[in-house]
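In what follows, chains carry the letters A, B, and so on, assigned in the order in which the sequence lines appear, proteins first and then strands, with residues in each chain numbered from 1.
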Amino acid sequence: MNANTPEEKAEPKKTNFIREIIDEDLKTGKWDGRVHTRFPPEPNGYLHIGHAKSIMLNYGIARDYNGKFNLRFDDTNPEKEEQEYVDSIIEDVKWLGADFEGRILFASDYFQQMYDYAVDLIKKGKAYVCDLNADQIREYRGTLTAPGKESPYSNRTVKENLDLFNRMRKGEFANGEKVLRAKIDMASPNVNLRDPIMYRIVHAEHHRTGNDWCIYPTYDWAHGIEDSIENITHSICTLEFENHRPLYDWYLDELGVYHPQQIEFARLNLNYTVMSKRKLLQLVQEAKVDGWDDPRMPTISGLRRRGYTTEAMKNFAEIIGVAKRDAMTDIALLEYAIREDLNKHALRAMAVLKPLKVSLIGYPEDTEEVMDAVNNPEDASAGTRKLVFGKELYIEETDFMEDPPKGFHRLVPGGEVRLRYGYIIKCEEVVKDSEGKVIELKCSYDPESRSGTGTSKKKVKGTIHWVNAKHAVKAEVRLYDRLFTVEDPASEENWLENLNPDSLITVNNALLEPSLADAKPGLNYQFERTGYFCVDKKSFAAGNLVFNRTVTLKDSWTKIIKN
RNA sequence: UGCCCUGUGGUGUAAUUGGCAACACGCCUGACUCUGGAUCAGGAAAGUCUAGGUUCGACCCCUAGCAGGGCAGCCA
């Protein structure tokens with residue numbers, strides 16, 4: 001991007017409180033002009049759009065300040081982490097365009113260093129091995145309003161602590177038998193400082209280090225060290241870690257090592273969905289959805305499969321901004337972000353979801369006319385394609401009403417409408433089956449009104465889409481809607497009861513214009529007048545042509561009739 | 001009944017750091033249109049949680065409240 005048009009320069013650059021901190025640091029030379037951020041996911045689930053916000057924030061800062069951005073797995077809990085998650089996360093971060101320049105790092109690579117640092121703290125008398133069990137530790141910790149009391153083991157000698165810690169590492173003890181704790185202040189008003197646990201014994205196989213370790217560092221102990229080792233300047237995390245910052249600082253100060261600055265921001269909440277990994281996992285495990293990448297999921301893989309683009313994710317991140325107050329973002333902002341991108345880039349096509357047959361009175365039986373159709377009115381370089389017009393067509397069932405409400409601009413008995421890129425037709429006869437259901441319309445057409453000839457003097461209020469009965473291809477189309485019926489499902493007692501039963505509606509016999517027959521995953525289409533769609537990657541791999549609806553077009557008509 | 005953080009239109013963010021509240025979404029008009037899309041032109045909508053105070057002047061500073069969120073995993 002170097003084509004700075006005057007308007008672009010005039011645009012006030014989007015900033016936020018974190019960038020202001022960085023600006024200030026740059027001014028004072030706090031980090032010698034360096035900016036180095038990181039995204040530190042735990043590989044215990046798939047990434048969701050909230051993570052995307054964090055990635056865009058961290059990477060965006062690194063990019064804009066000519067800094068660096070690391071992808072680092074915070075893999076300190078072998079019981080919850082899996083390689084599958086590592087793989088999906090790497091894929092998602094790459095797709096989001098966050099360039100970590102090959103730096104895929106792992107906390108587990110620092111285990112030895114962390115161990116050595118722990119030994120340092122023990123030697124300083126700042127850490128001790130504690131034999132209290134989990135219940136006892138909780139008891140000794142006190143409550144939010146009452147101070148805790150010292151562990152009976154907090155005064156062991158350095159020598160004894162060193163020996164015990166070494167034996168913990170060698171596997172002499174069972175899970176839970178001992179922990180290593182920092183010796184800080186059992187009466188601290190900040191509970192995190194009441195002799196926090198640094199290491200716990202977990203005899204479990206780690207997805208990367210296998211059985212090399214049976215003691216694992218806790219988050220607070222590990223995280224600052226990870227940041228320090230990687231020379232991170234600004235360690236950006238979410239609000240719930242605010243109370244942990246004193247501990248982050250304490251560890252690094254006691255160690256006397258390079259000390260990045262932790263900064264917290266508010267995580268993303270989106271209405272009509274859930275965002276916690278635990279809940280998302282539950283949706284997957286209980287088969288409420290088709291997997292982590294179900295297009296209804298707020299996961300990055302789900303949104304990708306749904307047809308969202310990297311560009312849209314970026315737009316969205318810019319739109320919502322970054323702040324410290326927790327908020328509930330309206331999904332309309334997300335939908336705006338994707339529509340804005342797709343309007344500019346999606347190829348237009350015609351597809352009829354619920355076909356209603358139309359036959360043209362007087363149109364020659366065996367004649368076919370080829371019409372030129374624009375692929376994208378927003379982008380001339382997308383070119384044109386040919387559409388074959390004929391006597392037998394299908395239109396959208398909802399584009400005809402026998403008894404229309406006021407303001408209905410589409411086909412009605414005796415009324416006229418234009419067929420997009422075709423002729424103006426007039427409904428002369430409504431054919432019904434024995435049950436009174438409309439099964440076919442017989443329409444006359446105005447030969448003078450052929451699209452593009454400019455010979456038509458008529459003006460009709462409506463233009464509808466169609467497909468040629470002879471050439472249309474069948475496809476399955478999946479219409480997605482919000483996953484939940486309530487704005488904030490997570491706040492409901494039985495959150496799973498608020499799943500939207502209509503979050504997926506499968507249309508089995510949609511008819512598409514022939515050009516769509518060889519549509520491939522990865523391209524976005526606009527089915528004119530109905531919405532944006534993409535080929536479902538999973539189904540395509542299985543040999544089926546299935547389209548996922550990414551988002552509808554803005555629809556002022558259904559809004560009107562709903563009053 | 002402890003500590004920490006946060007309160008600006010319906011929603012998400014701004015406010016040159018003390019100078020009569022701006023942008024985007026959404027909503028409502030109208031224009032235009034061979035997509036009821038897009039685009040264009042307008043509009044309604046907060047007086048900044050409350051009450052005091054400092055000041056010529058407060059969203060911004062001070063005090064006291066109130067409201068919301070977070071914290072008592074050997075999770076992150």
Side-chain angles (χ1 to χ4, degrees), chain A residues 12 14-16 20 40-42 44 74 76-77 79-80 130 132-134 137-139 141-148 175-181 188-194 196-202 215-216 218-220 222-223 237-246 264 266 268 271 277-278 316 318-337 339-340 343-344 348 350 374 377-378 407-410 417-422 424 449 451-452 456 459-465 526-531 552-560:
Chain A
K14 272 265 177 183
T15 188
N16 56 54
E20 278 171 15
E42 182 189 14
N44 68 343
D74 203 4
T76 57
N77 184 357
E79 290 177 316
K80 290 186 178 172
C130 182
L132 257 25
N133 65 35
I137 286 183
R138 191 180 318 117
E139 211 181 300
R141 187 153 36 220
T143 69
L144 293 178
T145 53
N175 288 1
E177 214 174 306
K178 287 181 167 36
V179 290
L180 182 73
R181 305 175 70 175
S188 172
N190 182 343
V191 190
N192 295 125
L193 262 20
R194 321 242 260 231
I197 288 162
M198 296 165 62
Y199 273 96
R200 74 278 206 190
I201 297 170
V202 183
I215 57 172
Y216 290 90
T218 53
Y219 171 86
D220 289 309
H223 208 86
C237 62
T238 44
L239 252 28
E240 68 270 26
F241 293 105
E242 216 155 18
N243 295 326
H244 294 245
R245 191 176 52 220
E264 310 85 13
L268 170 70
N271 58 11
K277 276 194 199 174
R278 203 198 113 254
F316 179 63
E318 270 161 26
I319 289 167
I320 61 175
V322 177
K324 288 197 74 162
R325 73 182 103 142
D326 23 34
M328 178 67 80
T329 298
D330 194 328
I331 191 116
L333 294 177
L334 215 211
E335 295 184 342
Y336 170 75
R339 284 196 187 105
E340 188 184 46
N343 177 50
K344 281 183 286 194
R348 312 293 132 119
M350 292 204 282
V374 174
E378 307 291 324
F408 187 74
H409 293 170
R410 311 176 193 179
V417 76
R418 172 174 287 284
L419 293 175
R420 179 89 156 138
Y421 300 121
I424 290 172
S449 67
S451 180
S456 173
K459 282 250 177 179
V460 289
K461 54 272 174 196
T463 298
I464 65 176
H465 57 98
Q526 183 196 102
F527 291 178
E528 292 208 27
R529 304 207 309 131
T530 93
T552 60
L553 248 36
K554 239 169 91 176
D555 180 2
S556 45
W557 170 240
T558 55
K559 208 179 293 164
I560 290 167

Taking all non-hydrogen atoms of both residues, which atom of T552(A) and which atom of R339(A) are closest, and how far apart?
O-NE, 2.7 Å
Should the ring pair W557(A) and H409(A) be called parallel, tilted or perpendicular, given that the plane angle runs from 0 to 90° and is split at 30 and 60?
parallel
Using a cut-off of 4.0 Å on non-hydrogen atoms, how would the nucleic acid contact of A134(A) be classed: base, sugar-phosphate, or nothing?
base
Distance, rounded to the nearest Å, where R278(A) contributes CZ and G73(B) contributes C1':
14 Å
Identify whether any heavy atom of H244(A) sits under 4.0 Å from a base atom; if not, whether one sits that close to sugar-phosphate; answer base, sugar-phosphate or nothing.
base
M350(A) near the nucleic acid: base, sugar-phosphate alone, or nothing, with a heavy-atom cut-off under 4.0 Å?
nothing
For Y421(A), answer base if it contacts any base atom (sugar-phosphate contacts may also be present), sugar-phosphate if it contacts only those atoms, and nothing otherwise; contact means non-hydrogen atoms under 4.0 Å.
base
Measure from the side chain of V191(A), starting at C-beta and using heavy atoms only, and say which of C74(B), G26(B), A72(B) lies closest.
A72(B)
Consider the side chain of E42(A), meaning its heavy atoms from C-beta on, and name the nucleotide among U13(B), G36(B), A76(B) that approaches it most closely.
A76(B)
Would you say the side chain of Q526(A) and the base of U35(B) hold a donor-acceptor pair, judged only by whether the two atoms sit under 3.5 Å apart?
yes
Whichever of G321(A) and N175(A) has its nearest RNA chain B nucleotide further upstream toward 5':
G321(A)
Which nucleotide in the list G36(B), U35(B), U6(B) gets nearest to the side chain of D555(A)?
G36(B)
Regarding U35(B), can its base be found pairing with the side chain of R418(A) as donor and acceptor, where the two atoms are less than 3.5 Å apart?
no
Phosphate OP1/OP2 of C75(B) contacted by T218(A) side-chain N/O (<4.0 Å)
no
Between A24(B) and A31(B), how far apart are the C1' atoms? Round to whole Å, please.
23 Å
Considering only the P atoms, how many Å lie between G9(B) and U48(B), rounded to the nearest integer?
10 Å
When rounded to the nearest Å, what value does the distance between C1' atoms of C27(B) and U11(B) take?
12 Å
Looking at R529(A), does any N or O in its side chain come under 4.0 Å of the phosphate oxygens OP1/OP2 on G36(B)?
yes
Just checking E335(A): base, sugar-phosphate only, or nothing, at a heavy-atom cut-off of under 4.0 Å?
nothing
Classify F408(A) by what it touches in the nucleic acid, base, sugar-phosphate, or nothing, heavy-atom distance under 4.0 Å.
base
Can you tell me whether the base of G12(B) sits syn or anti, using the 90° cut around 0 to define syn?
anti
Mate of C75(B) where both pairing distances stay under 3.5 Å, Watson-Crick or G-U
none
In whole Å, what separates the C1' atom of C59(B) from that of A15(B)?
9 Å
By nearest heavy atom, map E20(A) and G407(A) onto RNA chain B; which one lands nearer the 5' end?
E20(A)
Closest listed nucleotide, where the reference is the side chain of Y336(A) and the choices are C25(B), A14(B), G2(B)
C25(B)
Taking only side-chain N and O atoms of R181(A), does any of them lie within less than 4.0 angstrom of OP1 or OP2 on C74(B)?
no
Partner nucleotide, any strand, of C60(B) [Watson-Crick/G-U, under 3.5 Å]
none
Candidates C5(B), A38(B), G2(B) - which lies nearest the side chain of P189(A)
G2(B)
C1' spacing across the pair G47(B) / C20(B), given as an integer number of angstrom
10 Å
Describe the nucleic acid contact of L268(A) in one word from base, sugar-phosphate, nothing, applying a heavy-atom distance below 4.0 Å.
nothing
At their closest point, which heavy atom of V460(A) faces which heavy atom of I424(A), and how far apart are they?
CG1-CG2, 3.9 Å
Counting distance alone, no hydrogens or angles: does the base of G37(B) have a donor or acceptor under 3.5 Å from a partner atom on the side chain of R339(A)?
no
What is the base-pairing partner of C66(B), counting Watson-Crick and G-U wobble geometry with both distances under 3.5 Å?
G7(B)
Between K559(A) and C27(B), is there a side-chain N or O to OP1/OP2 distance below 4.0 Å?
yes
Is T143(A) touching bases, backbone alone, or none of the nucleic acid, heavy atoms closer than 4.0 Å?
base
Looking only at A76(B), A14(B), G37(B), the nucleotide nearest the R200(A) side chain is A76(B)
What integer number of Å spans the C1' atoms of G19(B) and G57(B)?
7 Å
Lys/Arg-Asp/Glu bridge criterion (N-O < 4.0 Å) met for K554(A), E335(A):
no
Taking any strand in view, what nucleotide pairs with G36(B) in a Watson-Crick or G-U wobble way, both distances under 3.5 Å?
none
Minimal non-hydrogen separation, I137(A) against L132(A), with atom names:
CG1-CB, 3.6 Å
Using Watson-Crick or G-U wobble geometry with both distances under 3.5 Å, which nucleotide pairs with U29(B)?
A41(B)
Taking O4'-C1'-N9-C4 for purines and O4'-C1'-N1-C2 for pyrimidines, is G73(B) syn (within 90° of 0) or anti?
syn
S556(A), nearest nucleotide to its side chain (from G37(B), G69(B), U35(B))
G37(B)
So what's A22(B) paired with, Watson-Crick or G-U wobble, going by both distances under 3.5 Å?
U13(B)
Shortest side-chain distance from R410(A), nucleotide among G36(B), C25(B), G12(B):
G36(B)
Any chance you could measure T218(A), atom OG1, to L180(A), atom CG, to the nearest 0.5 Å?
9.0 Å
With heavy atoms under 4.0 Å as the rule, sort R245(A) into base, sugar-phosphate or nothing.
nothing
Just call it for F241(A): base, sugar-phosphate, or nothing, with non-hydrogen atoms closer than 4.0 Å on any strand.
base
Suppose you measure atom P in U8(B) against the same atom in G69(B); what distance do you get, rounded to whole Å?
14 Å
Polar side-chain atom of Y421(A) near backbone of V374(A) as donor-acceptor pair, under 3.5 Å
yes
Looking at every strand, decide which applies to N133(A) at a 4.0 Å heavy-atom threshold: base, sugar-phosphate, or nothing.
base
Using a 4.0 Å heavy-atom cut-off across all strands, classify R194(A) as base, sugar-phosphate, or nothing.
nothing
P gap between A45(B) and C32(B), integer Å
28 Å
OP1, OP2 of C3(B) versus side-chain N and O of T145(A): anything below 4.0 Å?
no
Atom pair SG/CZ of C130(A) and R181(A) - distance to nearest 0.5 Å
4.5 Å
Apply the syn/anti split at 90° from 0 to U17(B) and say which one it is.
syn
G73(B), OP1 or OP2 - any side-chain N/O from R138(A) closer than 4.0 Å?
yes
So, for K14(A) and E318(A), which heavy atoms are closest and what is the spacing to 0.1 Å?
NZ-O, 3.6 Å
Any side-chain N or O of R141(A) below 4.0 angstrom from OP1/OP2 of G73(B)?
yes
Mind checking if Y219(A) touches a base, just sugar-phosphate, or nothing, with heavy atoms under 4.0 Å?
base
Remember a base hit wins even if backbone is also touched, and classify P40(A) as base, sugar-phosphate or nothing at under 4.0 Å, heavy atoms.
nothing
Can you tell me how far C1' of C74(B) sits from NZ of K80(A), to the nearest Å?
12 Å
Less than 6.0 angstrom separating the ring centers of F316(A) and Y336(A), yes or no?
no
